[in-house]
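Each remark here refers to the structure printed beneath this line.
Start at 1 with the first residue, then count along the sequence.
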Amino acid sequence: MKPSGAEGRTLRNVAIFSAAALSCGWLGRLVDLKAESDAGGSLGQLIWIVVPLLTMTILRTRAGDGWKDFGLRPRMKGNGFPYAVSLLFFPVLAALVAGAGALLGWADVSGPASSLIAGVFAALLPQFVKNLFEEFAWRGYMAPRLLGLGYPRLAVHVAVGLVWGAWHIPYLHLFFDTGESMATFIPRMMIGVVAMAVLYGEIRLATGSVWPAVLMHTVGNAVVNTLVLDRYFVAREGYGWIAAPSPEGLLAIALTGLAGLWMYKRAGAKRRGG
């Protein structure tokens, strides 16, 4: 069946958004390579972070998408549980994965807890600002636009996760320190990002607001990045693929996927009155 005018416009706009998101990181990398600057805060990284949000803004204001499904209202009343999940999921996941890695001899966990906690709190504000750009684009635009067309929820989450994951690829070196071949690392990382897209997307749907996804992403980045990049957690050689608390670790992927599917089943039960 041929899509209606509104449906066709939405599909066109989502395609434009996806093309912009998939290309902007490579453009940013080219800019950085030409400028011989790849440190934090480079012009290329700014292009990579800003373009998805800028594209979303143009499509909503100038290309007919509007702002009705953006989800800007916090909608905290009656949504205490999904907000709690947003704040607590990644600290619990990191503790479980790091603890399992240490107990099973897959990783070394060291450093004072007070220093780790201080590092996490110091990272919250910059991560919050960064994730306004990221979540306003993914859960504020691509997910609700596709869901509004009536596509199955899981299919939408997977589609968003694939584009979102591919958006990360040009700048993977900023987040991951690995000697593993990209031929095996990237597919596993993509699965991990899709699992996160299911969880983020279900919390977005449960609340009708983009803010829980912003909070979840902020806390997750602050906790996991501090733990891994500041080397409080170091996977032993040959075990990063299973023990990492970041999206490429199989334990983290499994826990995130189970949480996302549980939220999906929970929402289905609520719709059926169960």
Side-chain angles (χ1 to χ4, degrees), residues 71 74-76 78-102 107 109 113 116-117 119-128 130-132 134-136 138-140 143 153-154 156-158 160-161 164-165 168 175-176 188-230 232-233 242-270:
R75 297 184 181 274
M76 297 182 71
N79 286 316
F81 176 75
Y83 267 95
V85 172
S86 299
L87 293 171
L88 297 176
F89 176 77
F90 280 107
V92 171
L93 178 142
L96 290 174
V97 173
V109 180
L116 171 61
I117 293 169
V120 169
F121 274 95
L124 287 173
L125 181 58
Q127 289 297 337
F128 177 76
K130 188 270 290 186
N131 287 313
L132 288 176
E134 200 166 340
E135 288 304 321
F136 280 10
W138 305 107
R139 256 59 60 180
R153 294 156 70 105
L154 286 180
V156 170
H157 298 327
V158 170
V160 172
W164 183 33
H168 284 84
F175 314 108
F176 302 101
R188 204 170 62 251
M189 181 276 296
M190 290 289 291
I191 294 171
V193 174
V194 168
M196 289 195 299
V198 175
L199 180 57
Y200 285 34
E202 283 300 313
I203 287 178
R204 164 73 165 88
L205 284 167
T207 60
S209 173
V210 73
W211 289 108
V214 173
L215 294 176
M216 175 173 267
H217 203 157
T218 297
V219 173
N221 283 168
V223 170
V224 175
N225 289 359
T226 301
L227 194 64
V228 174
L229 298 182
D230 292 349
Y232 292 95
F233 174 96
I242 189 170
S246 39
E248 83 279 13
L250 285 189
L251 281 179
I253 292 171
L255 291 172
T256 305
L258 288 171
L261 289 175
W262 181 73
M263 290 293 294
Y264 172 77
K265 295 288 188 181
R266 181 176 182 270
K270 288 184 72 173

Enclosure of Phe121 CZ (heavy-atom neighbours >12, cutoff 6.0 Å):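 Counting neighbours around CZ of Phe121, 12 or fewer heavy atoms of other residues, nucleotides or ligands fall under 6.0 Å, so no.
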
Residue pair [X] / [Y]: nearest heavy atoms and the distance that separates them:
X      : Y      : result
Leu227 : Ala94  : CD2-CB, 4.1 Å
Val109 : Ala102 : CG2-CB, 4.0 Å
Pro245 : Val228 : CG-CG2, 3.7 Å
Ala143 : Val156 : O-CG1, 3.8 Å
Val194 : Gly161 : CG2-C, 3.9 Å
Gly165 : Met189 : O-CE, 4.0 Å

Ion pair check, Glu202 and Arg266, cut-off under 4.0 Å: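 Looking at Arg266 together with Glu202, the answer is no, because their closest N to O distance does not fall below 4.0 Å.
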
Steps toward side-chain contact (heavy atoms from CB on, under 4.5 Å) verdict (Phe233, Val224): CA-CA 9 Å; Phe233 174 96; Val224 175; over 6 Å; no

All pairs passing side chain to side chain donor-acceptor pair (under 3.5 Å) where residues 210-220 contributes a residue, at least two apart: Asn131-His217, Glu135-His217, His217-Asn221

By salt bridge (Lys or Arg N to Asp or Glu O under 4.0 Å) - contacts of [X] (at least two apart):
X      : result
Glu248 : none
Lys265 : none
Arg75  : none

Pairs of donor and acceptor atoms involving the side chains of residues 250-258, under 3.5 Å and at least two apart or interchain, shall be tabulated with distances.
{"unit_1": "Thr256", "atom_1": "OG1", "unit_2": "Ala252", "atom_2": "O", "d": "2.8"}

Pairing residues for Trp164 by the side chain to side chain donor-acceptor pair (under 3.5 Å) criterion, not counting sequence neighbours: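 Per chain and number, Trp164 pairs via side chain to side chain donor-acceptor pair (under 3.5 Å) with Glu134.
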
